[in-house]
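For reference, the structure discussed in these notes is given below.
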Amino acid sequence: MTAIATLGSHCSLQVLKGARDEGIKSILICEKKRERLYRRFNFIDELILVDSFHEILDHRCNSILEKNNAILIPHGTLIAQMSSKEIESIKIPIFGNKSILRWESDRSLKEKLMLEAKLNVPKSVFSPREINKLVIAKRHGAAGGKGYFMATTEAEYNKKRDNLISQGIIKGDDDLYLQEYASGVLAYLQYFYSPLKEELEFFGVDKRHESDIDGLARIPSQLQMKMDEVSSFNVIANSPLVLRESLLSEVYSMGERFVAAAKRLVSPGMNGPFCIEGVYDADAKFWSFEFSARIVAGTNIFMQGSPYSTLFYDEPMSMGRRIAREVKNAESSKQIDKIVT
Ligand code: ATP
């Protein structure tokens, strides 16, 4: 029997509850400092206690996981804390496509895949000297928006960059990627692609609350002008959205183009959960600035299912449970190779 394992953070509760709901053994790789928290949840069958998540690469952790026939479910904490090389060297099978996680972490690979999928991506700005409209400066990797800032001129950019350098958040220009700022309604589109059924399911949509860029809107502009702080986009929470139904056909089309593009560029493609992240502008055109090639934390909102998963399933279906269902179906049809790398 296969087990499902994940790192104790991000969406691990949802993933392991989903495993339990599908009758699959659940294993948490848990930092010792969080043991008390995770012992509260009786759907977690086994905890592997570690000092650092890097121990997943060590013999002890690996052999427990191997003995349990475990599949690792990757999430944002894995991407944030480990390099692509380390992730690719994990010995146990990883759900989905571990090669595509490198494409998520590398801004130029990321853009290549998004353009191949014919998504509308805000233009990159290659040098601070080229800044002539509102841009956002973002750090590489999954920094979760921390330390990101906006600028409209090179001088403003330099000032804010130097501020981040003095705080030790970045070392210099090379740590930042500049992109035109897309204004509108933020939407994070959550999908699941089943390599077994060869079918795309649109699972839900959320918006993020980011500090303190969201707080800025509550301050009158006269007072904003007097402020010297650099606002950040540090993600704090997510809340659910439902889209106008007329937008759904393009939502599916974007997801399908993304799956097809990933098949062409990063074999075996975009299997399992993923998210296309962006902004609807005043003409309801979607500008995508980002994708996540694995489950996103915004799915935690829908532990009981979402307005969209309800259209496919007559039972509460979270993304975590959907992953476990795919594992179960693959196991019973002897196709585990199709769902892991
Ligand atoms: P994560 O890996 O957690 O998704 P990240 O570090 O890769 O985050 P992004 O998702 O690219 O970063 O950006 C973080 C936030 O910055 C977004 O949620 C959004 O609010 C804002 N943002 C990023 N790019 C743009 C853009 N081009 N236009 C408008 N807002 C943007």
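We count residues from 1, following the sequence as given. Each ligand, and each atom within it, is numbered from 1 in the order the structure gives.
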Task: Atoms in ligand 1 flagged as close to Glu180, the criterion being non-hydrogen separation under 4.0 Å - done: 26 (C), 27 (N)
Open item on the list: Looking only at the side chains, is there a donor atom on one of Thr2 and Glu331 sitting less than 3.5 Å from an acceptor on the other?
Closed with: yes
Open item on the list: Between Glu156 and Thr152, do the side chains contain a donor N or O and an acceptor N or O under 3.5 Å apart?
Closed with: yes
Task: For ligand 1, the portion of Glu104 having any non-hydrogen atom under 4.0 Å away - done: neither
Open item on the list: I'd like to check which ligand 1 atoms, numbered from 1 as shown, lie under 4.0 Å from a non-hydrogen atom of Arg107.
Closed with: 7 (O), 11 (O)
Task: Contact atoms of ligand 1, heavy-atom distance to Gln179 under 4.0 Å - done: 24 (N), 26 (C), 27 (N)
Open item on the list: Regarding Asn234 and Glu210, do their side chains bring together a donor and an acceptor under 3.5 Å, going by distance alone?
Closed with: no
Task: Which segment of Arg139 sits under 4.0 Å of ligand 1 when only heavy atoms are counted - done: neither
TODO: Quick one: list whatever passes ring-ring contact (aromatic ring centres under 6.0 Å, His included) with Phe149, sequence neighbours left out.
DONE: Tyr157
Open item on the list: Under 4.0 Å from a heavy atom of Ile136: which atoms of ligand 1 are those, numbered in the order shown and with their elements?
Closed with: 16 (O), 21 (C), 22 (N), 23 (C), 24 (N), 25 (C), 26 (C), 27 (N), 31 (C)
Open item on the list: Quick check on contacts: which atoms of ligand 1 are under 4.0 angstrom from a heavy atom of Glu277?
Closed with: 4 (O), 10 (O)
Task: ligand 1 versus Ala182: contacting region, heavy-atom distance under 4.0 Å - done: both
Open item on the list: Looking only at side-chain N and O atoms, does Tyr177 offer a donor or acceptor that is under 3.5 Å from a partner on Glu111?
Closed with: yes
TODO: Compute the shortest N/O to N/O distance between Ser292 and ligand 1 and return yes if it is under 3.5 Å, no if not.
DONE: no
- [ ] Show the numbers, then the answer: is there a side chain to side chain donor-acceptor pair (under 3.5 Å) between Ser288 and Glu277?
- [x] CA-CA 5 Å; Ser288 329; Glu277 306 165 8; over 6 Å; no
Task: Non-neighbouring partners of Tyr252 that pass ring-ring contact (aromatic ring centres under 6.0 Å, His included), sequence neighbours left out - done: none
Task: Donor + acceptor pair across side chains of Arg322, Ser318 (<3.5 Å) - done: no
Task: Part of Trp287 with heavy atoms under 4.0 Å of ligand 1, whether side chain, backbone, both or neither - done: neither
Open item on the list: If you take the nearest heavy atom of each of Tyr148, Phe291, Tyr181, Phe233, which one is closest to atom 13 (O) of ligand 1?
Closed with: Tyr148
